**Student:** 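Okay, handing you the structure first.
So that the names make sense, note that chain A is the first sequence line, chain B the second, and so on, each numbered from 1. The shown structure was predicted, so the numbers you read here are calculated from the model rather than taken from an experiment.
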There are 2 protein chains.
Amino acid sequence: MREVAALAGVSLKTVSRVINAEPAVSDEVRSRVVGAIQRLDYRHDHGASSLRRSDRKTSTIGVLLEDVANPFSSALHREIEDVALRRGVLVLAGSSDEDEAREQQLIAAFTSRRVDGLIIVPASHDHSYLLSERRAGTSMVFVDRPPGFLDADSILTDNQAGTRQGVGHLIAHGHRRIGYLGDLMTITTATERYRGYEQELAAASIGLDPQLVRLNVHGIDRADAATVELLKLTEPPSALFTSQNLLTIGASRALHRLDLHRRIALVGFDDVLLGDLLEPGITVIAQDPSTMGRKAAEQLFRRIDGDQSASVHLVVPTRLITRGSGEIRR
Amino acid sequence: MREVAALAGVSLKTVSRVINAEPAVSDEVRSRVVGAIQRLDYRHDHGASSLRRSDRKTSTIGVLLEDVANPFSSALHREIEDVALRRGVLVLAGSSDEDEAREQQLIAAFTSRRVDGLIIVPASHDHSYLLSERRAGTSMVFVDRPPGFLDADSILTDNQAGTRQGVGHLIAHGHRRIGYLGDLMTITTATERYRGYEQELAAASIGLDPQLVRLNVHGIDRADAATVELLKLTEPPSALFTSQNLLTIGASRALHRLDLHRRIALVGFDDVLLGDLLEPGITVIAQDPSTMGRKAAEQLFRRIDGDQSASVHLVVPTRLITRGSGEIRR
DNA sequence: TTATAAGTTGATAACGTTGTCAATTGAGTC
DNA sequence: GACTCAATTGACAACGTTATCAACTTATAA
């Protein structure tokens, strides 16, 4: 920048003015400076700039996801990116893998880079470690799961209502022995969904048979194995509710292998890519990650822009998509 | 930091030494400083630090993908993240959407934040705009597609050989009229794959019927429509080769709707999640995005660590996964 | 003409940190 | 007792940028 100023025959401050498009520069000087910038191939140092500027904004936000490679997370990520990029803001992304330590490590790395804000899909349950960060002025929005011991904005899915709708759908098709596969109970959404299952059975006066419930099932392979177990029971279920993406895939895989996919009904929570190509197609309670991402990013930027109002808690509704597997009658 | 120094009764420089774990600090002083850091809830400013340090490293890299939400991109992304995080490096990610302008905008945003390196899945074909950036010391590795007018490391898939293997597989099952769906011909990989199709037909002395070829098909819906068109020909193909993920899905969808999925053979380039659940399962030429991501990140960090040797061009092989759809005989 | 205002420009300090180098201390050696 | 050496600490400048404020130029009004 010093060299640019020298070549253009102006002061440092004038170059700064041109770069920041401040109005108080004559056209003649401006074009001289622009020329010098191009000739010297000067690149503005965004970091040094934000260090000195009074707003201290880095135009960077941090996004903590469960895993950037999983479809729900990456759909969120993409929507956040689009909202951010429209404001010239870049996104630092990281995967927690449901690991509390990794969550905190990543968030510490984000904040030491002075991100303007954080969008967090939490793995841990106690976010009081973020209190001082908030006091320091970092905005934050929680997505998919609520913050623990911290008052902050959240954008959630209505897990309980969604599950009730899915389980109710199976009951409406005559099922009374409905198997349940649940993810790790340390995940808030998993416990909420399980509660929805309990409630809907109770509402239909169906007794809960613990044999039909498999909790803390994580990943495709374990879901596959758990499905096989359920179907080997002396009184096997006539329908399955799988409470997560990968569990749905695992269960579907097992049903296909056992050639039971046309006999046992299946409803899954969260949509499955290609779910409509299978025979039968997989009926799901779809979440809406794009909407969640967009709302989260918009809310974050409202906070970054200075909105100090009380915390907002948005619940994004789910949608039942019927494709066949959930409409198999007992 | 000034406050920490005052509270601990030491100089600024000593605090800096403690933070950077420099050896020349007595245990007693160190613990006083650590105590002060905790009491004052001090957070190190990574940006100011890298501005002053002589290596000028930001411990941040930029990753330009086609779309963070597409499975190939996000698998790459995840692998890069893991390699980076092991070194305490964070990842800025962006989606080009195959748009040259957006590629350049994002890369400019990355470099103005002084990233240590770039991993690029290029959308554009002329990367001479990166020459000055390279001269300035930014390391860069290209993935999936080669750089244009720039000598740099690349990690590519063997598109031509993979396509030949897939088309050859169909020929081996008796097909001679093999439809081809290709993505935008502006994408390097799309042209390479098409060339593989041409070559394999020629090698089997099968004349190329232009009616069977649909190029510049982008996205699921257009692939679906193009498939319908091909099957309506007076002499329709008995097999299809779809040269990209989404095209495979679109074609499969069309085949299912027309109830031809057991009659028309299908081989796709790039694996499809759930491809094994369909009936028949989808036979694909699988790429290996995880390996590509890992190799790219490892190569990038070698460069960042000072490796000045000649450009490396790595070709990651593809793998034929037979699941049924490609083994339908004419 | 002079006073005033508006529009340009620059000198300087500061953002939070680390590199450089010099000063201080204490122990060990002859 | 004087010397050397290593270990520890601090003063100061500098990284690339922008905020502040003062100075200058030109135009306009009285």
Side-chain angles (χ1 to χ4, degrees), chain A residues 1-34 36-37 40-60 88 108-109 111-116 133 136-138, chain B residues 1-34 36-37 40-60 88 108-109 111-116 133 136-138:
Chain A
M1 185 151 153
R2 219 182 304 276
E3 292 175 37
V4 171
L7 181 58
V10 298
S11 77
L12 225 51
K13 176 66 213 190
T14 299
V15 177
S16 168
R17 273 191 265 259
V18 171
I19 288 163
N20 291 293
E22 290 176 35
V25 182
S26 68
D27 290 348
E28 195 245 328
V29 169
R30 188 192 316 281
S31 67
R32 252 183 17 235
V33 171
V34 169
I37 286 176
L40 294 176
D41 191 51
Y42 161 83
R43 338 285 273 204
H44 191 57
D45 187 322
H46 195 283
S49 165
S50 81
L51 175 61
R52 187 57 181 87
R53 271 201 317 275
S54 46
D55 65 2
R56 320 271 351 255
K57 291 278 183 284
T58 53
S59 295
T60 306
T111 56
S112 87
R113 282 166 183 78
R114 295 293 186 268
V115 292
D116 298 336
E133 201 51 46
T138 308
Chain B
M1 185 150 151
R2 219 182 304 276
E3 291 174 39
V4 171
L7 180 58
V10 298
S11 76
L12 223 53
K13 177 67 212 191
T14 299
V15 177
S16 168
R17 272 191 265 259
V18 171
I19 289 164
N20 292 291
E22 291 176 34
V25 182
S26 68
D27 289 349
E28 195 247 325
V29 169
R30 188 193 317 281
S31 66
R32 257 189 4 242
V33 171
V34 169
I37 286 176
L40 294 176
D41 191 52
Y42 161 83
R43 337 287 272 204
H44 191 57
D45 187 322
H46 195 283
S49 165
S50 82
L51 175 62
R52 186 57 180 87
R53 269 201 317 275
S54 46
D55 65 2
R56 321 271 349 255
K57 291 279 183 286
T58 54
S59 294
T60 306
T111 57
S112 87
R113 281 166 183 77
R114 294 294 186 268
V115 291
D116 298 336
E133 200 51 45
T138 308

**Student:** What is the nucleic acid contact for A/Ile19, judged by heavy atoms within less than 4.0 Å: base, sugar-phosphate only, or nothing?
**Tutor:** nothing
**Student:** Base, sugar-phosphate, or nothing for A/Arg17, non-hydrogen atoms under 4.0 angstrom?
**Tutor:** base
**Student:** How about B/Glu3: does its CD atom have over 12 heavy atoms from other parts shown lying under 6.0 Å from it?
**Tutor:** no
**Student:** Does A/His46 put a side-chain nitrogen or oxygen below 4.0 Å from OP1 or OP2 of D/dT18?
**Tutor:** no
**Student:** Mind calculating the distance between CE (B/Met1) and P (C/dG16) to the nearest angstrom?
**Tutor:**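 Distance, rounded to whole Å: 11 Å.
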**Student:** Does a side chain donor of either B/Thr60 or A/Arg113 reach within less than 3.5 Å of an acceptor in the other side chain?
**Tutor:** yes
**Student:** Has A/Ser11 got a side-chain N or O lying under 4.0 Å from the OP1 or OP2 atom of C/dT9?
**Tutor:** no
**Student:** Please check the phosphate of C/dT17 (OP1 and OP2 only) for any side-chain N or O of B/Ser49 closer than 4.0 Å.
**Tutor:**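 For B/Ser49, the contact criterion (side-chain N or O under 4.0 Å from OP1 or OP2 of C/dT17) is not met.
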**Student:** For residues A/Thr58 and A/Val115, report the shortest heavy-atom separation together with the two atoms involved.
**Tutor:** OG1-CA, 3.7 Å
**Student:** Separation of A/Leu12 atom CG from C/dA13 atom P, in whole Å?
**Tutor:** 14 Å
**Student:** Looking at A/Lys13 and D/dA19, is any side-chain donor or acceptor paired with a base atom of the opposite kind under 3.5 Å?
**Tutor:**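 Per atom types, the contact qualifies.
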**Student:** Separation of A/Glu22 atom CD from C/dG7 atom P, in whole Å?
**Tutor:** 15 Å
**Student:** Assign A/Arg114 to base, sugar-phosphate, or nothing according to its heavy-atom contacts below 4.0 angstrom with the strands shown.
**Tutor:**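 No contact at all - A/Arg114 keeps every heavy atom at 4.0 Å or more from the nucleic acid.
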**Student:** Look at the side chain of B/Val29 and decide which nucleotide, out of C/dG16, D/dT18, D/dT9, has an atom nearest to it.
**Tutor:** D/dT9
**Student:** Of A/Arg30, A/Lys13, A/Arg32, which is the lone residue that meets side-chain contact (heavy atoms from CB on, under 4.5 Å) with A/Val18?
**Tutor:** A/Arg30
**Student:** For B/Asn20 and D/dT9, give me the distance from atom CG to atom P, rounded to whole Å.
**Tutor:** 16 Å
**Student:** So, OP1 or OP2 of D/dT9: does either fall under 4.0 Å of a side-chain N or O from B/Thr14?
**Tutor:** no
**Student:** Quick one: which of A/Arg114, A/Arg56, A/His46 gives a side-chain contact (heavy atoms from CB on, under 4.5 Å) with A/Leu51?
**Tutor:** A/Arg56
**Student:** Quick one: is A/Ser50 getting a side-chain N or O under 4.0 Å of the C/dC15 phosphate, OP1 or OP2?
**Tutor:**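 So the side chain of A/Ser50 is outside the cut-off, no N or O lying under 4.0 Å from OP1 or OP2 of C/dC15.
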**Student:** Does A/Ser54 have a side-chain nitrogen or oxygen under 4.0 Å from the phosphate oxygens OP1 or OP2 of C/dC15?
**Tutor:** no
**Student:** Please check: side-chain N/O of A/Arg17 versus main-chain N/O of A/Glu22, any donor-acceptor pairing under 3.5 Å?
**Tutor:**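 No, the answer is negative, given that no donor and acceptor are paired below the 3.5 Å cut-off.
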**Student:** Do the side-chain N or O atoms of A/Arg56 get closer than 4.0 angstrom to the phosphate oxygens (OP1, OP2) of C/dG16?
**Tutor:** yes
**Student:** Within this structure, what is the CG-to-P distance between A/Asp45 and C/dT17, rounded to whole angstrom?
**Tutor:** 16 Å
**Student:** Of the listed nucleotides (D/dT17, C/dT9, D/dA19), which one gets closest to any side-chain atom of A/His44?
**Tutor:** D/dT17
**Student:** Assuming nearest nucleotide by heavy-atom distance, tell me which of B/Val25 and A/Arg2 is located more 5' along DNA chain D.
**Tutor:** B/Val25
**Student:** Considering only C/dG16, D/dG16, C/dT9, which nucleotide approaches the side chain of A/Arg52 most closely?
**Tutor:** D/dG16
**Student:** To the nearest angstrom, how far is A/Asp27 atom CG from C/dG7 atom C1'?
**Tutor:**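 In whole Å, C/dG7 C1' and A/Asp27 CG are 12 Å from each other.
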**Student:** Need to verify one output field. Residue with the more 5' nearest nucleotide on DNA chain D, B/Glu28 or A/Ala48?
**Tutor:**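 Its nearest nucleotide lies further toward 5', so the answer is B/Glu28.
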